[in-house]
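Since the structure comes first, as structure tokens, the remarks are kept for the end.
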Amino acid sequence: MPNYLRPKVTGATIFFTVALAQRGGRLLVDEVEALRRAVRITRNERPFEIDAWVVLPDHLHCVWTLPTGDRNYGTRWGAIKARFTRNIRDNGRVGFQPTHAKRLGHAVGWNPTLPRSPSKIAKGDAGIWQRRFWEHHIRDEADYWAHVRYCWLNPVKHGFVERPEDWPYSSVHRDTRFRAHMNLT
């Protein structure tokens, strides 16, 4: 098993990419309220600042700043993923009820008949999320802005919209630093 070495920097600003195990679905945008609720509860328990966030159909990107003296973002991501998974499972939402999903015209985001590894089963992993996430510690102001812009522009890059402000699942709408038609490249 890999031994991931993470920087031991407290109060860091970090860029994350978090993806669903099955790429190509729409689970995150279809269940964006469940994701928002999971983030809100986790932030209440373990505060962090959201500098930028974008939710795409099967993955998300965000930039967080942790509180001074705190470097435990892994626990936060574990809580967010678990809360989201429990919420959609417990409420019989799309992804956990294939016949219900098809009746509503949605793609199935999780298939209970797909085999899961013994380690995933032992850990109670529902198979919705990729087990890990990608993180990058922000080095300086230029690096910070490059990653905030990446969040803002990602829906455009994927061809979902023509302008960042047209994507409804982005923090660009609440960010006073963003101006329509600003040069983001």
Side-chain angles (χ1 to χ4, degrees), residues 13-67 70 72-98 100-102 104-112 114 116 120 123-136 147-161 164-175 178:
T13 300
I14 309 154
F15 170 80
F16 297 98
T17 298
V18 183
L20 295 177
Q22 275 190 320
R23 300 298 293 263
R26 294 184 38 88
L27 187 62
L28 291 180
V29 293
D30 288 346
E31 299 296 340
V32 72
E33 289 308 317
L35 180 61
R36 288 176 175 153
R37 189 169 29 262
V39 171
R40 188 172 46 252
I41 293 167
T42 302
R43 283 183 75 198
N44 284 339
E45 290 176 357
R46 294 180 174 272
F48 60 91
E49 291 300 318
I50 297 173
D51 298 277
W53 196 300
V54 63
V55 177
L56 294 126
D58 62 0
H59 69 286
L60 61 85
H61 302 286
C62 55
V63 178
W64 292 0
T65 299
L66 296 176
D70 192 340
N72 195 351
Y73 51 86
T75 298
R76 288 169 171 87
W77 275 119
I80 290 167
K81 288 177 169 184
R83 285 185 171 108
F84 175 81
T85 300
R86 277 193 308 270
N87 186 277
I88 63 172
R89 180 194 64 214
D90 294 348
N91 290 312
R93 297 213 176 130
V94 173
F96 281 95
Q97 306 238 336
H100 179 65
K102 287 178 183 174
L104 294 175
H106 296 291
V108 178
W110 178 77
N111 185 342
L114 289 177
R116 291 181 293 147
K120 281 191 171 193
K123 291 180 179 184
D125 187 322
I128 289 181
W129 297 98
Q130 287 184 0
R131 287 178 105 180
R132 304 241 188 302
F133 50 83
W134 189 84
E135 83 268 359
H136 166 77
H147 286 86
V148 168
R149 279 192 304 273
Y150 186 86
C151 291
W152 289 347
L153 287 170
N154 207 248
V156 176
K157 172 188 158 194
H158 284 283
F160 296 123
V161 292
E165 60 268 29
D166 294 337
W167 187 247
Y169 313 111
S170 172
S171 63
V172 74
H173 303 285
R174 68 167 177 80
D175 199 322
F178 177 81

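Values reported hereafter were calculated over all heavy atoms of this structure, with side chains retained and with hydrogens, waters and symmetry mates removed. The model shown is predicted, which means the values in this text are computed figures rather than measured ones.
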**Q.** Partner set under salt bridge (charged side-chain N to carboxylate O under 4.0 Å, His left out) for Arg23, not counting sequence neighbours
**A.**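 With neighbours one apart ignored, the set is Asp58.
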
Q) Residues in salt bridge (charged side-chain N to carboxylate O under 4.0 Å, His left out) with Arg36, at least two apart? A)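 Arg36: salt bridge (charged side-chain N to carboxylate O under 4.0 Å, His left out) contacts with Glu33.
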
Q: Run the numbers on Asp51 and His147 for side chain to side chain contact (heavy atoms under 4.5 Å, CB included), then give the verdict.
A: CA-CA 10 Å; Asp51 298 277; His147 286 86; over 6 Å; no

Q) Who are the side chain to side chain donor-acceptor pair (under 3.5 Å) partners of Thr17, not counting sequence neighbours? A)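 Listed in chain order: His61.
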
Looking at side-chain heavy atoms only, is the closest gap between [X] and [Y] below 4.5 Å?
X	Y	value
Phe15	Val148	no
His59	His158	yes
Asp175	Trp152	yes
Ile80	Ile41	no
Asn87	Arg37	yes
Thr65	Ile14	no

Q | Residues that Val156 engages under side-chain contact (heavy atoms from CB on, under 4.5 Å), provided they are two or more places apart | A |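 Once residues adjacent in sequence are excluded, the partners of Val156 under the side-chain contact (heavy atoms from CB on, under 4.5 Å) criterion are Val161, Pro164.
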
(Q) Restricting to side-chain contact (heavy atoms from CB on, under 4.5 Å), what partner residues turn up for Asn72, sequence neighbours left out? (A)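 By the side-chain contact (heavy atoms from CB on, under 4.5 Å) rule, Asn72 matches Arg46, Asp70, Thr75, Arg76.
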
**Q.** Between Thr85 and Trp129, a side-chain donor and acceptor under 3.5 Å
**A.**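 Side chains of Thr85 and Trp129: pair found under 3.5 Å.
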
**Q.** Check: Pro57 main-chain N/O paired with Arg26 side-chain donor or acceptor under 3.5 Å
**A.**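 Checking the backbone N and O of Pro57 against the side chain of Arg26, no donor-acceptor pair under 3.5 Å is found.
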
(Q) Donor-acceptor pair, distance only, cut-off 3.5 Å: does the side chain of Lys81 make one with the backbone of Gln130? (A)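 Yes; judged by distance alone, with no hydrogens or angles, the pair exists.
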
Q.
Between Arg83 and Glu45, is the salt bridge (charged side-chain N to carboxylate O under 4.0 Å, His left out) condition met? List the steps.
A. CA-CA 13 Å; Arg83 285 185 171 108; Glu45 290 176 357; 2.7 Å; yes

Q. Can you name the one residue among Leu20, Val32, Leu35 that meets side-chain contact (heavy atoms from CB on, under 4.5 Å) with Leu27?
A.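 The passing option is Leu20.
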
Considering all heavy atoms, the nearest [X]-[Y] contact:
X	Y	result
Pro155	Leu56	CA-CD2, 3.9 Å
Cys151	Val63	SG-CG2, 4.2 Å
His173	Pro168	NE2-CA, 3.9 Å

Q | Tyr169 and Trp167 aromatic centres sub-6.0 Å | A |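 Tyr169 vs Trp167: aromatic centres under 6.0 Å.
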
(Q) Quick one, Asn154 with Phe160, criterion side chain to side chain contact (heavy atoms under 4.5 Å, CB included). Give me CA distance, side-chain angles, the key distance, then yes/no. (A) CA-CA 9 Å; Asn154 207 248; Phe160 296 123; over 6 Å; no

Q) Under the side chain to side chain contact (heavy atoms under 4.5 Å, CB included) criterion, do Ile88 and Ile128 qualify, and how do the steps go? A) CA-CA 10 Å; Ile88 63 172; Ile128 289 181; 3.5 Å; yes

(Q) How long is the straight-line distance from SG of Cys62 back to CZ of Phe48, given to the nearest 0.5 Å? (A)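 So the CZ of Phe48 and the SG of Cys62 are separated by 7.5 Å.
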
Q | With sequence neighbours excluded, residues passing ring pair (Phe, Tyr, Trp, His ring centres under 6.0 Å) with Phe16 | A |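 Scan of Phe16 (ring pair (Phe, Tyr, Trp, His ring centres under 6.0 Å), adjacent residues dropped) gives Trp64, Tyr73, Trp77, Phe133.
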
